[in-house]
Engineer: 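One structure, as structure tokens, below. Some questions next.
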Amino acid sequence: MINAIQESAIEEYISYLHNERETSYNTEISYERDLKKAADYFSENEICDFCLVTEVNLHSYLLYLEENHKSAATVSRSIASLRSFFQYLVRSRRIQKDPTENLKPPKVEKKAPEILTVDEVDRLLALPDRRTAKGMRDRAMLQLLYTTGMRVSELVHLKMGDVDLEFGYLTCSDHDRERRIPLEQGTRIIVEEYLDSARMELLKGKESEYLFCNCSGTPMSRQGFWKVLKSYASGAGIEKDITPHT
């Protein structure tokens, strides 16, 4: 079980990532999760302070992950999290030597990404019911994802001010970086139909700065859109393991 000393060190490191490195929320969550899992293992083996962790302890932890059938990708990510954390401890003079120096990640077998055929894309985009507010929203979200290539996190975080239908572009922001994505005519029409006929119905009298909301009138989440996509993929008879990235 993680103790107060370990938890404090992890919290300070995550704060450093956020304030100094300006890392994304997802990166911080991933690092925190990996480090807490490692801390649990070390505590169970009577190592109650990261300053006491040795290279041998780290190799034992990686062996423990492999014995528990963790994938090569998971082990590699854990190594990356630990390496970054211990480098931070060295820079902050908590420890003198980095015990992760000789850790080598396992080879990760790269799988060819599954892609959709033109017919599958057509079936997927045609499935939302344009007679309902939800269907119009889903159609607009799928169309934007497909025609712009934007990430699903960017899609669900779009705000009303990010979309300029008059000049045909939308703005995506990621920390200090900003990019503008042109919208082709068909997509502009679909988004405009959603704004004119569906968004206010879904909001149910609430106010929101976000472009897309769920049926409760609150902003659409990544998990919510994932479920929407899975549902339409099933309805379109697509048996591939489809993701927003696909």
Side-chain angles (χ1 to χ4, degrees), residues 22-30 113-116 118 120-238 240-246:
E22 297 185 346
T23 49
S24 70
Y25 174 75
N26 289 336
T27 296
E28 292 160 16
I29 290 295
S30 177
E114 284 195 291
I115 61 173
L116 299 180
V118 173
E120 287 171 332
V121 171
D122 286 342
R123 296 205 312 267
L124 187 67
L125 295 179
L127 209 56
D129 186 352
R130 296 173 60 184
R131 296 169 297 180
T132 68
K134 178 181 179 300
M136 294 181 73
R137 178 206 65 191
D138 295 346
R139 182 168 175 256
M141 294 187 79
L142 290 171
Q143 185 77 14
L144 274 175
L145 195 71
Y146 175 60
T147 59
T148 67
M150 65 195 309
R151 295 188 294 271
V152 68
S153 58
E154 295 174 322
L155 178 69
V156 297
H157 286 111
L158 280 176
K159 297 179 179 179
M160 292 294 290
D162 295 330
V163 183
D164 190 323
L165 294 177
E166 181 180 356
F167 291 99
Y169 71 86
L170 57 82
T171 304
C172 285
S173 301
D174 182 13
H175 291 297
D176 295 329
R177 294 182 296 274
E178 186 176 276
R179 61 195 179 100
R180 288 185 174 180
I181 303 174
L183 300 176
E184 52 90 26
Q185 183 64 21
T187 301
R188 289 167 65 179
I189 292 172
I190 289 173
V191 173
E192 192 167 14
E193 287 178 351
Y194 159 71
L195 290 173
D196 289 344
S197 307
R199 184 172 180 272
M200 293 305 297
E201 182 178 336
L202 291 169
L203 283 173
K204 295 180 171 61
K206 298 178 182 177
E207 293 186 2
S208 176
E209 61 181 337
Y210 289 96
L211 178 63
F212 295 111
C213 61
N214 58 30
C215 294
S216 301
T218 55
M220 173 70 76
S221 66
R222 293 175 61 194
Q223 294 81 1
F225 179 71
W226 183 283
K227 292 179 181 178
V228 167
L229 180 60
K230 288 283 188 180
S231 174
Y232 283 122
S234 175
I238 299 172
K240 296 173 181 174
D241 186 20
I242 187 172
T243 67
H245 185 65
T246 308

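Keep in mind that this is a model prediction, so the values were computed, not measured.
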Engineer: Is there any ring pair (Phe, Tyr, Trp, His ring centres under 6.0 Å) pair reaching into residues 196-227, and which pairs are they, with sequence neighbours excluded?
Structural biologist: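 Listed once each, the pairs are Y194-F212.
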Engineer: Restricting to side chain to side chain contact (heavy atoms under 4.5 Å, CB included), what partner residues turn up for R222, sequence neighbours left out?
Structural biologist: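 Per chain and number, R222 pairs via side chain to side chain contact (heavy atoms under 4.5 Å, CB included) with N26, V152, S153, V156.
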Engineer: Take atom NZ of K227 as the centre, draw a 6.0 Å sphere, and report whether it contains more than 12 heavy atoms from other residues, nucleotides or ligands.
Structural biologist: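 Check fails, neighbour count at 12 or below.
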Engineer: For the pair N214 (side chain) and G217 (backbone), establish whether a donor and an acceptor sit closer than 3.5 Å, ignoring hydrogens and angles.
Structural biologist: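 At least one qualifying donor-acceptor pair exists.
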Engineer: Which distance, rounded to the nearest 0.5 Å, do you find between the CD of E184 and the OG1 of T148?
Structural biologist: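 Here the interatomic distance stands at 10.0 Å.
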Engineer: Check whether any side-chain heavy atom of M141 sits under 4.5 Å from a side-chain heavy atom of L229, and report yes or no.
Structural biologist: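 No, their side chains stay 4.5 Å or more apart.
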Engineer: Which value, rounded to the nearest 0.5 Å, describes the distance between L155 atom CG and C172 atom SG?
Structural biologist: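 Between atom CG of L155 and atom SG of C172 there are 8.5 Å.
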Engineer: Using the test side chain to side chain contact (heavy atoms under 4.5 Å, CB included), find all partners of K240 that sit at least two apart in sequence or belong to another chain.
Structural biologist: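 Expected list: E114, L116, T117, E120, I238.
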Engineer: Calculate, to the nearest 0.5 Å, the distance between atoms NZ and OG1 belonging to K204 and T218 respectively.
Structural biologist: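 Result: 9.5 Å between the selected atoms.
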Engineer: Less than 3.5 Å apart, which donor and acceptor atoms pair up between the side chains of residues 126-137 and the rest of the protein, not counting sequence neighbours?
Structural biologist:
from: D129; atom 1: OD1; to: R131; atom 2: N; distance (Å): 2.9
from: D129; atom 1: OD1; to: R131; atom 2: NE; distance (Å): 3.0
from: D129; atom 1: OD2; to: R131; atom 2: NH2; distance (Å): 3.3
from: T132; atom 1: OG1; to: D129; atom 2: O; distance (Å): 3.1
from: T132; atom 1: OG1; to: G135; atom 2: N; distance (Å): 2.9
from: K134; atom 1: NZ; to: D138; atom 2: OD2; distance (Å): 2.8
from: R137; atom 1: NH1; to: C213; atom 2: O; distance (Å): 3.0

Engineer: Are side-chain heavy atoms of L195 and L211 found at a separation under 4.5 Å?
Structural biologist: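 Side chain of L195 against side chain of L211, heavy atoms only: contact under 4.5 Å found.
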Engineer: Report the residues that fulfil ring-ring contact (aromatic ring centres under 6.0 Å, His included) with Y232, sequence neighbours left out, ordered by chain and then residue number.
Structural biologist: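 With sequence neighbours excluded, Y232 shows a ring-ring contact (aromatic ring centres under 6.0 Å, His included) to no residue whatsoever.
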Engineer: Checking R188 side chain against L165 main chain: does a donor-acceptor pair fall under 3.5 Å?
Structural biologist: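 Yes: the side chain of R188 pairs with the backbone of L165.
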Engineer: If we ignore hydrogens and angles and just use 3.5 Å, is the side chain of K159 paired with the main-chain N or O of S208 as donor and acceptor?
Structural biologist: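 Flag not set: sc K159 to bb S208 has no pair under 3.5 Å.
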Engineer: Hey, what do you get for CG (L170) to CE (M150), rounding to the nearest 0.5 Å?
Structural biologist: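 Result: 5.0 Å between the selected atoms.
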Engineer: Mind checking the CD-CG spacing from E209 to D162? Nearest 0.5 Å is all I need.
Structural biologist: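 The CG atom of D162 is 9.0 Å from CD of E209, to the nearest 0.5 Å.
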Engineer: Work out which heavy atom in I181 is nearest to a heavy atom in R179; give both atom names and the distance.
Structural biologist: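 Result for this residue pair: CD1-NH1, 3.5 Å.
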Engineer: Give me each pair satisfying ring pair (Phe, Tyr, Trp, His ring centres under 6.0 Å) with a member in residues 141-166, each pair once, sequence neighbours excluded.
Structural biologist: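 Pairs touching residues 141-166 that pass the test: none.
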Engineer: More than 12 heavy atoms of other residues, nucleotides or ligands under 6.0 Å from CD of E28: yes or no?
Structural biologist: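 Yes.
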Engineer: Just verifying a value: how many Å separate D164 CG and L183 CG, rounded to the nearest 0.5 Å?
Structural biologist: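 Rounded to the nearest 0.5 Å, the CG-CG separation comes to 9.0 Å.
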Engineer: Working note: I189 + Q185, criterion side chain to side chain contact (heavy atoms under 4.5 Å, CB included); need CA distance, chi angles, decisive distance, verdict.
Structural biologist: CA-CA 6 Å; I189 292 172; Q185 183 64 21; 3.8 Å; yes
